[in-house]
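Reviewing the structure listed below.
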Amino acid sequence: MRTLFFLLEKEFRQLLRRKSLLGMLIIAPAIQLIIMPLAADFSVKNVSIVVVDNDHSSYSQRLINKITAGGSFKLAGYVSSYKEALKMVEQDKADLALQIPVNFERNLARENSGKLFVAINAIEGTKANLGGSYLSGIVKDFDDEIRIEWTHDATVDAPQISVASSNWYNPFLNYNLYMVPAILVTLVTAMSAMQSAFNIVQEKENGTIEQINVTPIKKHIFIIGKLIPFLVLGIILFSLGLVLGRIIYHVVPVGSLIVLYGSLVVYLFAMLGLGLLISTYSATQQQAMSLSFFFINIFNMMSGVFSSVDSMPAWAQAIVQTFPPSHFIKIMRTVVLKGSGFSDISNHLIAITIIGLVLNTWAILNYRKTA
Amino acid sequence: MEKVIQTEKLTKRFGDFVACNELSFDVDKGEIFGFLGANGAGKTTAMRMLCGLLKPTSGKASVAGFDVFTQTEKIKMNIGYMSQKFSLYDDLTVSENIRFYAGIYGMKTKNIRTKTQELLNELGLQNEAKTLVSALPLGWKQKLAFSVSIVHAPDIVFLDEPTGGVDPVTRRQFWDLIYHAADKGVTVFVTTHYMDEAEYCNRVSIMVDGVIAALDSPVNLKKQFNADNMEDVFYQLARKAKRSDN
Ligand SMILES: Nc1ncnc2c1ncn2[C@@H]1O[C@H](COP(=O)(O)OP(=O)(O)OP(=O)(O)O)[C@@H](O)[C@H]1O
Ligand SMILES: [Mg+2]
């Protein structure tokens, strides 16, 4: 334990002495956090919609008014057939096509169900997809409205309009609310995996590791001494990110901070394990840099920061399951947006723990004191 | 005489390459043992095996009474090592380096403070206690590294080319430190490329291409090879070497 104390003292001294590194570790993420959500803003504005109203009823009119009233959608026009509507989508004159079928009102009244068809322009995919989900939200609202009207009518069952709604936990589609937690994860990821790897490899390059190896320090103590400072740094960085997200984007986590920080520690355990593993395979900082960039790029591209993991092919999803950030991003989003507790995210936490155990065990076995 | 290092046919292979071939020698307690050889002769490799940093391929060896195959952790408690590559932390100050190494060898906090003061006085570094090691001249770094490597009062200290790249006066001062340590009973196992330093040793072994070609006191070696100085002895042996790093 005393050994660990002296190791930690040394690590923190070295860390605090490297002002430029510290500055970079804090300022670079801050800038990214400020810029990235702005650049990656896909919030729903001016989604153009073409409508095929085959019903021409008062309800269909009401629905259309409701859709165009909000400002998110602008009416690209009315056409008489679904085919024409699709053509407009194809020609990029509209992002979405909405078809209200004949007898929409009657079915709503008689069978308590209505069907709507929505076609989405896949070229402007993100915008239209978000528009699509937002549209679903409006339809659901509409549904609720008439339900309330009808239930005044005592005996009648409330009707159901079927359009899958997916963004219920972010009803205003505030994209920042969605992006900030994920970007925060990518920042913590880069810092923890890369810096811990660099730090250990630096001792190899300088030759000081030889000196450490000839002392009676136990290798797990040495490793713990290396990882704790980065754990602390990761927590500081994360906190800073939360504060910035709150100040700039008004992102206030719905869920508890205990859940957030508990998950963060588990996550850092896994990512520092990765850094350690990288360091055991690198003789120079350059090698460590290439290896960590490789992983961090893949993580950023595939873990669902910008694109949805659910829309990947099954094999890719299986691979992404082994990426700790994909789990932590899900955790962050659900905890920040929905306020999930430990029981809701336990699957992800268990996954990260398992990955972390594998990475750390592998790293320790590979980190040979007697090289 | 008590033997603190004993080796018998100690061998290290890297693949097909035999870096150290059946080394057999003993080192007495309190001795200054010079370990000479041309570049690539296998000195560092032998030293790393004795320090428990490298597993030997075959043979036997004990250091401070402990086996190099099975008791490397015990060996580490009883030796100091100054590697060929520089071994202090550049971004820590002089006293922080001393404190760190004293600390990880389990020295009590109170003792660390007195020991630090003692070392600084001995090295004449009182005014440099708060200087970053990176700002010290090489000669001072080497002296500091040596003092740090014996901060925990080990039985044996291994020095791998401790005086490379500094002027003769500074080297002479370094050897004063070595003598001082030897006087206190520390066994010194040292490699060097400087033949004047070889003269300072009690006994000298000369390695050629992974084998020990000669081992005796400098006086006897000079007699044996009919040479005026160690330089000549070394030259007669080392020019037969086929292996060289440069
Ligand atoms: N890990 C290794 N793998 C393969 N070969 C090695 C390894 N370590 C050392 N060698 C080789 O073993 C030989 C002896 O190396 P060693 O470092 O022991 O020489 P040395 O006597 O210390 O030389 P120098 O005076 O240059 O320090 C060299 O040819 C070296 O290339
Ligand atoms: Mg060497």
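This structure is a prediction, so every number in the text was calculated from the model and none was measured. Worth knowing before you read on, the calculation uses all heavy atoms, side chains too, and leaves out hydrogens, waters and symmetry mates. Below, read A as the first sequence line, B as the second, and so on, with proteins coming before strands; counting in each chain starts at 1.
- Contact annotation for B:Phe158: neither backbone nor side-chain heavy atoms come within less than 4.5 Å of a heavy atom of chain A.
- With a threshold of 4.5 angstrom between heavy atoms, B:Leu132 approaches chain A through side-chain atoms but not through N, CA, C or O.
- Contact of the A:Arg13 side chain with the B:Arg99 side chain is registered, since non-hydrogen atoms from C-beta on lie closer than 4.5 Å.
- Taking each heavy atom of A:Phe6 and B:Phe100 in turn, the nearest pair found is O-CD1, 3.6 Å.
- Heavy-atom neighbours of A:Gln286 CD from other residues, nucleotides or ligands within 6.0 Å: at or below the threshold of 12.
- Annotation: side chain of A:Glu210 is not in contact with side chain of B:Gln84 (no heavy-atom distance under 4.5 Å).
- Using a 3.5 Å distance cut-off with no hydrogens or angles, the side chains of A:Glu203 and B:Tyr89 do pair a donor with an acceptor.
- Rounded to the nearest 0.5 Å, atoms CG (A:Asn206) and OG (B:Ser87) are 11.0 Å apart.
- Contacts with chain B were tallied for A:Arg18, A:Arg17, A:Glu9, A:Arg2; A:Arg17 has the most, counting heavy-atom pairs under 4.5 Å.
- For a residue to count as touching a neighbouring chain, one of its non-hydrogen atoms must lie under 4.5 Å from one of that chain's; by this rule B:Met49 does not touch chain A.
- Among all heavy-atom pairs drawn from A:Gly207 and B:Ser83, the shortest one is O-OG, 4.5 Å.
- Panel note: side chain A:Gln211, backbone B:Tyr81; a donor-acceptor pair is recorded below 3.5 Å.
- More than 12 heavy atoms of other residues, nucleotides or ligands lie within 6.0 Å of NZ in A:Lys204, so this atom counts as buried by the packing criterion.
- Within a 6.0 Å sphere centred on NZ of B:Lys9, heavy atoms belonging to other residues, nucleotides or ligands number 12 at most.
- Using a cut-off of 4.0 Å between Lys/Arg side-chain N and Asp/Glu carboxylate O, A:Lys218 and B:Glu73 are scored as not salt-bridged.
- Residue contact with chain B, scored on non-hydrogen atoms closer than 4.5 Å, involves the backbone and the side chain of A:Leu7 alike.
- Proximity to chain B is absent for every atom of A:Gln202, based on heavy atoms less than 4.5 angstrom apart.
- Heavy-atom pairs under 4.5 Å with chain B were tallied for A:Thr208, A:Leu4, A:Ile209; the largest tally goes to A:Thr208.
- In this structure, the separation between CE on B:Met77 and OG1 on A:Thr215 is 10.0 Å, given to the nearest 0.5 Å.
- Across B:Asp91 and A:Gln14, no two heavy atoms sit closer than the pair OD1-NE2, 2.8 Å.
- The structure places CD1 of B:Ile104 at 8.5 Å from NZ of A:Lys10, a figure rounded to the nearest 0.5 Å.
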